[in-house]
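Below is one structure, written out as structure tokens, with a few remarks after it.
The structure presented is a predicted model; accordingly, all values stated were derived computationally and were not measured.
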Amino acid sequence: MDRDFKALESIKHIILVLSGKGGVGKSSVSVQIAYALKEQNKKVGILDLDLCGPSIPRMLGVEGSKILQDTNGWVPVYVTPDKGLGVMSIGFLLPDKNSAVVWRGPKKSAMIKQFLTDVYWGDLDYLIIDTPPGTSDEHLSVIENLQNVKPDGAVIVTTPQVVSLVDVRKEINFCKQVNLPVLGLIENMSGYVCENCKECTNIFSTGGGKSLCDELGYKFLGYVPIDPQLGIMLDNPSGKESDDSGSTNSFISAYKSSPLFETFKQIATTIQN
Ligand code: ADP
């Protein structure tokens with residue numbers, strides 16, 4: 001293995017989370033997969049490579065944390081006291097949460113390389129990489145930098161609408177071109193389950209992701225309905241009116257009572273098989 005990639009040597013599995021569009025729930029899916037794996041006693045890291053829209057620190061209630069360095073490299077920010085869930089994100093390097101990353105391609109590529117070589121994750125079972133939407137320079141940089149460590153593959157997130165599904169085909173073609181296995185597809189925001197009557201209303205239509213998987217021969221990982229509580233937990237994880245510090249990780253404690261937790265436990269199990 002290339003000396004540069006020592007930091008990734010002790011990681012057993014690397015999974016990329018991709019989506020054709022922004023706003024379909026890619027980052028929230030990354031967080032939920034990571035959390036479900038952690039609950040299955042795996043040691044997990046999340047690498048947030050969505051350089052222009054790093055939302056993982058906020059979702060996990062660690063926004064505002066600073067990256068520390070030790071002799072091995074950058075130390076991830078740990079979300080749980082047992083250090084079973086660590087995060088690294090460009091968000092930790094920005095002066096404040098409203099700072100924009102206005103960088104040209106080469107600078108972004110250099111940053112991605114640094115994230116993949118300089119973070120000392122230690123022994124991890126799973127590294128979940130949250131990528132930007134689409135197929136951009138950043139994706140090519142990730143693939144190039146991972147070529148010596150062979151990631152397990154990609155989980156692709158879509159919503160049920162046709163416009164989103166069209167973009168999924170592009171993501172799949174990208175994976176084919178760069179020889180990245182597709183681990184499966186998740187249809188997020190697939191219906192809304194009424195909290196009172198428990199009836200599921202298909203706001204946007206449903207089933208497009210599953211049909212696409214059937215057509216192309218990929219694994220369908222599951223339907224994830226809209227859960228208004230999830231939005232609240234992830235958007236304001238410390239539960240304060242004005243959440244500037246994101247200092248607690250009450251997402252972790254609140255999420256266990258979300259019906260989506262069961263869905264993601266199943267998805268995490270399928271991904272491992
Ligand atoms: P992306 O990473 O694709 O841009 P995000 O994960 O940031 O998308 O999700 C966009 C917004 O939608 C966030 O506010 C998130 O909390 C919310 N969201 C995502 N999935 C769901 C869901 N299944 N139920 C409710 N809200 C969701």
Side-chain angles (χ1 to χ4, degrees), residues 1-9 11-27 29-30 33-34 45-54 56 88-90 101 103-119 121 124 126-159 163-188 209 212-221 267 270-273:
M1 186 177 295
D2 190 321
R3 216 168 51 83
D4 267 358
F5 294 92
K6 267 204 166 358
L8 300 175
E9 263 176 14
I11 301 174
K12 295 196 187 101
H13 302 277
I14 299 180
I15 294 175
L16 280 76
V17 182
L18 307 178
S19 72
K21 284 194 181 313
V24 299
K26 176 181 50 57
S27 299
V29 161
S30 303
I33 290 176
I46 309 185
L47 179 56
D48 180 7
L49 288 184
D50 197 345
L51 300 183
C52 294
I56 301 283
M88 184 52 72
S89 167
I90 183 127
V101 173
W103 293 349
R104 291 190 193 275
K107 194 164 174 192
K108 286 189 191 163
S109 301
M111 188 77 246
I112 287 170
K113 179 166 186 187
Q114 200 166 0
F115 272 131
L116 289 169
T117 52
D118 288 5
V119 182
W121 295 98
L124 273 193
Y126 281 88
L127 179 66
I128 309 295
I129 304 183
D130 184 25
T131 61
T135 50
S136 59
D137 257 11
E138 284 103 305
H139 296 85
L140 287 176
S141 302
V142 178
I143 299 297
E144 268 166 34
N145 284 299
L146 289 178
Q147 64 186 350
N148 293 321
V149 288
K150 295 220 183 320
D152 292 37
V155 167
I156 301 179
V157 183
T158 182
T159 52
V163 275
S164 185
L165 287 162
V166 168
D167 285 342
V168 168
R169 288 180 189 264
K170 294 183 193 159
E171 292 300 312
I172 291 175
N173 284 335
F174 169 80
C175 292
K176 278 188 195 154
Q177 278 176 34
V178 298
N179 289 323
L180 179 68
V182 174
L183 299 176
L185 197 139
I186 294 177
E187 189 175 298
N188 190 34
L212 192 67
C213 285
D214 291 345
E215 179 196 326
L216 301 176
Y218 293 113
K219 227 185 241 181
F220 181 67
L221 297 172
I267 289 173
T270 312
I271 287 173
Q272 290 172 75
N273 294 320

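Looking only at side-chain heavy atoms (C-beta outward), Ile90 and Phe115 come within less than 4.5 Å of each other. At least one side-chain heavy atom of Leu140 sits under 4.5 Å from a side-chain heavy atom of Val178. Within the 4.5 Å cutoff, the side chain of Thr131 has heavy atoms near those of the Lys26 side chain. Contact of the Leu8 side chain with the Leu146 side chain is registered, since non-hydrogen atoms from C-beta on lie closer than 4.5 Å. Between His13 and Ile271 the shortest side-chain heavy-atom distance does not fall below 4.5 Å. Proximity of Ile33 to Tyr126: side-chain heavy atoms (C-beta onward) are nowhere separated by under 4.5 Å. For the pair Lys108 and Cys52, the minimum side-chain heavy-atom distance is below 4.5 Å. Residues Pro151 and Leu127 form no side-chain contact, since every pair of their non-hydrogen atoms from C-beta on lies 4.5 Å or further apart.
In this structure, CG on Leu18 lies 9.5 Å from CG on Asp130, to the nearest 0.5 angstrom. Here the OG-CG distance, from Ser109 to Leu51, works out to 9.0 Å after rounding to the nearest 0.5 Å. Rounding to the nearest 0.5 angstrom, the gap separating the CD1 atom in Ile128 from the CG atom in Asp152 is 9.0 Å. With rounding to the nearest 0.5 Å, the separation of NZ in Lys21 from NZ in Lys170 is 7.0 Å. Expressed to the nearest 0.5 Å, how far CG of Leu16 lies from CD1 of Ile156 amounts to 10.5 Å. The CG atom of Leu180 lies 10.5 Å from the CD atom of Glu171; values are rounded to the nearest 0.5 Å.
Considering all non-hydrogen atoms of both residues, Cys213 and Leu185 come closest at SG-CB, 3.5 Å. Across all their heavy atoms, Trp121 and Ile46 have their closest contact at CH2-O, 3.5 Å. In this structure, Gly22 and Pro133 approach most closely via the heavy-atom pair N-CB, 3.4 Å. Met88 and Val119 get closest at one heavy-atom pair: CG-CG2, 3.6 Å. A pairwise comparison of heavy atoms in Asn179 and Pro181 identifies O-CD, 3.6 Å as the closest pair.
Each of Ser30, Ser89, Ser27 was checked for a side-chain hydrogen bond (donor to acceptor under 3.5 Å, both in side chains) with Asp48, and the lone residue meeting it is Ser89. Among Leu116, Ile112, Asp118, the one residue that satisfies the side chain to side chain contact (heavy atoms under 4.5 Å, CB included) test with Gln114 is Asp118.
For the side-chain contact (heavy atoms from CB on, under 4.5 Å) test, residues two or more places apart in sequence or in another chain that qualify with Lys176 are Ile172, Asn173, Tyr218. With sequence neighbours left out, Leu165 forms a side-chain contact (heavy atoms from CB on, under 4.5 Å) with Thr158, Leu212. For Asp214, the salt bridge (charged side-chain N to carboxylate O under 4.0 Å, His left out) partners are Lys210, not counting sequence neighbours.
More than 12 heavy-atom neighbours from other residues, nucleotides or ligands sit within 6.0 angstrom of NZ on Lys219.
Judged by distance alone, with hydrogens and angles left aside, the side-chain atoms of Asn188 form a donor-acceptor pair with the main-chain N or O of Val24 at under 3.5 Å.
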